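What follows is a single structure, written as structure tokens, with notes after it.
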Amino acid sequence: MPQGPNPAAEFPPCRLGVNIDHVATIRNARGGDEPDPVRAAQLAIAAGADGITAHLREDRRHIRDDDVARLKAEIDRPLNFEMAATEEMLRICLATAPHAACLVPEKREERTTEGGLDVAGASSVLEKVVGELGNAGIRVSLFIDPDPVQVEAAHRIGAPVIELHTGDYHHAALSTTPVKIQAAWNAINKAATQAHELGLEVHAGHGLNFTNVSNIASIPAMRELNIGHFLISESVFVGLDVAVREMKRLISDARTGRLV
Ligand SMILES: CC(=O)[C@@H](O)[C@H](O)COP(=O)(O)O
Ligand SMILES: NCC(=O)COP(=O)(O)O
């Protein structure tokens with residue numbers, strides 16, 4: 001069901017950041033060095049990825065410290081470092097000096113990042129981290145739910161970028177009615193528009209795949225999508241090169257109105 005705005009419109013480009021965390025998940029299942037997430041990042045870049053995203057979790061369940069150092073040294077596209085707003089991660093991020101850092105909520109027991117940051121409820125801690133990273137020349141984004149209160153709080157504490165969590169939209173698209181899918185899309189579109197009007201750059205990600213990406217990429221304010229789990233899963237069947245190229249094509253077509 002089409003949920004996007006005017007499919008004939010021409011919007012500014014939207015970048016694709018490829019998240020290579022789950023290459024490391026497979027590597028860590030056996031220990032050793034294979035598959036190498038840095039090699040995956042290089043392949044993704046050769047296939048057209050505009051940047052690479054990696055999440056260094058406190059429990060190091062997938063990406064490890066040496067992966068982050070190697071990514072910084074061995075890729076020639078922007079690195080987006082996903083991190084919890086802790087002293088440890090702040091220190092690692094400042095030492096690594098990636099192009100961008102995305103602050104995310106983290107719970108050790110969760111299977112994946114279940115929701116967005118409560119920026120409104122934890123604004124003093126986040127404001128300090130946003131300020132320190134910004135002063136170091138790192139472009140900071142806040143991973144938030146598509147909620148007007150959180151968008152407003154992100155703006156208030158000085159974050160230049162938000163990344164909207166698309167997990168609810170992904171789940172709605174999998175299992176609920178067209179009305180609920182539309183409502184989930186409307187929430188993302190509304191939050192993206194609000195953020196854009198406040199002067200924030202808008203990104204989105206989590207659970208995006210070939211089926212649901214077009215409607216998210218067709219939101220005019222969208223400037224970057226970070227996609228990992230699906231691309232790594234799909235690459236088992238078609239290879240990472242083909243999976244990344246197809247994702248780029250879908251995003252580009254959604255922006256130019258060729259496909260929604
Ligand atoms: C922050 C986020 O959205 C996650 O997708 C993350 O980048 C992948 O790692 P996890 O699956 O461990 O959350
Ligand atoms: N920030 C979202 C991200 O990097 C990738 O999420 P997913 O595609 O692995 O769910």
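Each ligand, and each atom within it, is numbered from 1 in the order the structure gives. This structure is a prediction, so every number in the text was calculated from the model and none was measured.
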Item checked: Closest protein heavy atom to atom 8 (C) of ligand 1, given as residue, atom name and distance to 0.1 Å -> Asp21 OD2, 3.1 Å

Notebook entry, point to check: Among His62, His55, Glu82, which one has a heavy atom closest to atom 7 (O) of ligand 1?
Noted result: Glu82

Check: Quick one: does Gly207 get an N or O within less than 3.5 Å of an N or O on ligand 2?
Finding: yes

Item checked: For atom 6 (O) of ligand 2, the protein heavy atom that lies nearest, with its residue and separation -> His206 CA, 3.6 Å

Check: Just going by heavy-atom distances, which of His203, Glu163, His55 is nearest to atom 1 (N) of ligand 2?
Finding: Glu163

Margin query: Counting only heavy atoms closer than 4.0 Å, does ligand 1 sit against the backbone of Asn19, its side chain, both, or neither?
Written below: side chain

Next item on the list: Return the residue, atom name and 0.1 Å-rounded distance of the protein heavy atom closest to atom 5 (O) of ligand 1.
Entry: His206 ND1, 3.3 Å

Check: Measuring from Ile63:CD1 to Phe81:CZ, what's the distance to the nearest 0.5 Å?
Finding: 10.0 Å

Note to self: Give me the residue, atom name and distance of the protein heavy atom closest to atom 5 (C) of ligand 2.
What the structure shows: Asn226 O, 3.5 Å

Note to self: So if I apply the side-chain hydrogen bond (donor to acceptor under 3.5 Å, both in side chains) rule between Asn226 and each of His203, Glu163, His206, which one comes out positive?
What the structure shows: Glu163

Checklist line | Identified side-chain hydrogen bond (donor to acceptor under 3.5 Å, both in side chains) partner of Glu201 from the options Arg223, Arg139, His196 | finding: Arg139

Next item on the list: Note the single closest protein heavy atom to atom 4 (O) of ligand 2, along with its residue, its atom name and the distance in Å.
Entry: Asn19 ND2, 2.8 Å

Check: How many angstroms lie between NE2 in His165 and CG in Leu142, if you round to the nearest 0.5 Å?
Finding: 14.0 Å

Check: Does Gly228, backbone or side chain, put an N or O under 3.5 Å from an N or O of ligand 2?
Finding: yes

Notebook entry, point to check: Val242 and Ile45: same hydrophobic cluster, using ILVMFWY side-chain contacts below 4.5 Å?
Noted result: no

Checklist line | Contact (N/O only, under 3.5 Å) between His229 and ligand 2 | finding: yes

Item checked: Atoms in ligand 1 with a heavy atom of Arg57 nearer than 4.0 Å -> 10 (P), 12 (O), 13 (O)

Next item on the list: Output the list of atoms in ligand 2 that are nearer than 4.0 Å to some heavy atom of Ile227, sorted by atom number.
Entry: 8 (O)

Next item on the list: Give the contacting part of His229 toward ligand 1: side chain, backbone, both or neither, where contact means a heavy-atom distance below 4.0 Å.
Entry: neither

Next item on the list: Mark yes when over 12 heavy atoms from residues, nucleotides or ligands other than Asp145 sit less than 6.0 Å from its CG; otherwise mark no.
Entry: yes

Item checked: Short N-O contact, Asp36 and Arg27, less than 4.0 angstrom -> no

Notebook entry, point to check: So His22 and His62, would you call those rings parallel, tilted or perpendicular, with 30° and 60° as cut-offs?
Noted result: perpendicular

Notebook entry, point to check: For atom 4 (C) of ligand 1, what's the nearest protein heavy atom and its distance?
Noted result: Thr113 OG1, 3.4 Å

Next item on the list: Using a 4.0 Å heavy-atom cut-off, say whether His165 meets ligand 1 through its side chain, its backbone, both or neither.
Entry: neither

Check: Given Glu88 and Arg60, is the salt bridge (charged side-chain N to carboxylate O under 4.0 Å, His left out) satisfied, shown in steps?
Finding: CA-CA 13 Å; Glu88 181 197 23; Arg60 310 312 199 257; 2.8 Å; yes

Notebook entry, point to check: Are Asp59 and Arg57 close enough for a salt bridge, meaning some N to O gap below 4.0 Å?
Noted result: no

Next item on the list: Below 4.0 angstrom from a heavy atom of Glu82, which ligand 2 atoms are there? Numbered from 1 as shown, please.
Entry: 1 (N), 2 (C), 3 (C), 4 (O)

Next item on the list: Tell me yes or no: between the side chains of Thr53 and Asn80, is some donor less than 3.5 Å from an acceptor?
Entry: yes

Checklist line | Check: Glu106 side chain, Glu58 main-chain N or O, donor-acceptor pair, under 3.5 Å | finding: yes

Item checked: atom 10 (P) of ligand 1: the protein heavy-atom neighbour that sits closest, reported with distance to 0.1 Å -> Thr112 OG1, 3.4 Å

Notebook entry, point to check: Which ligand 1 atoms does Phe143 reach within 4.0 Å, using its non-hydrogen atoms?
Noted result: 1 (C), 3 (O)

Checklist line | Element-labelled atoms of ligand 2 that are located less than 4.0 Å from some non-hydrogen atom of Thr53 | finding: 4 (O)

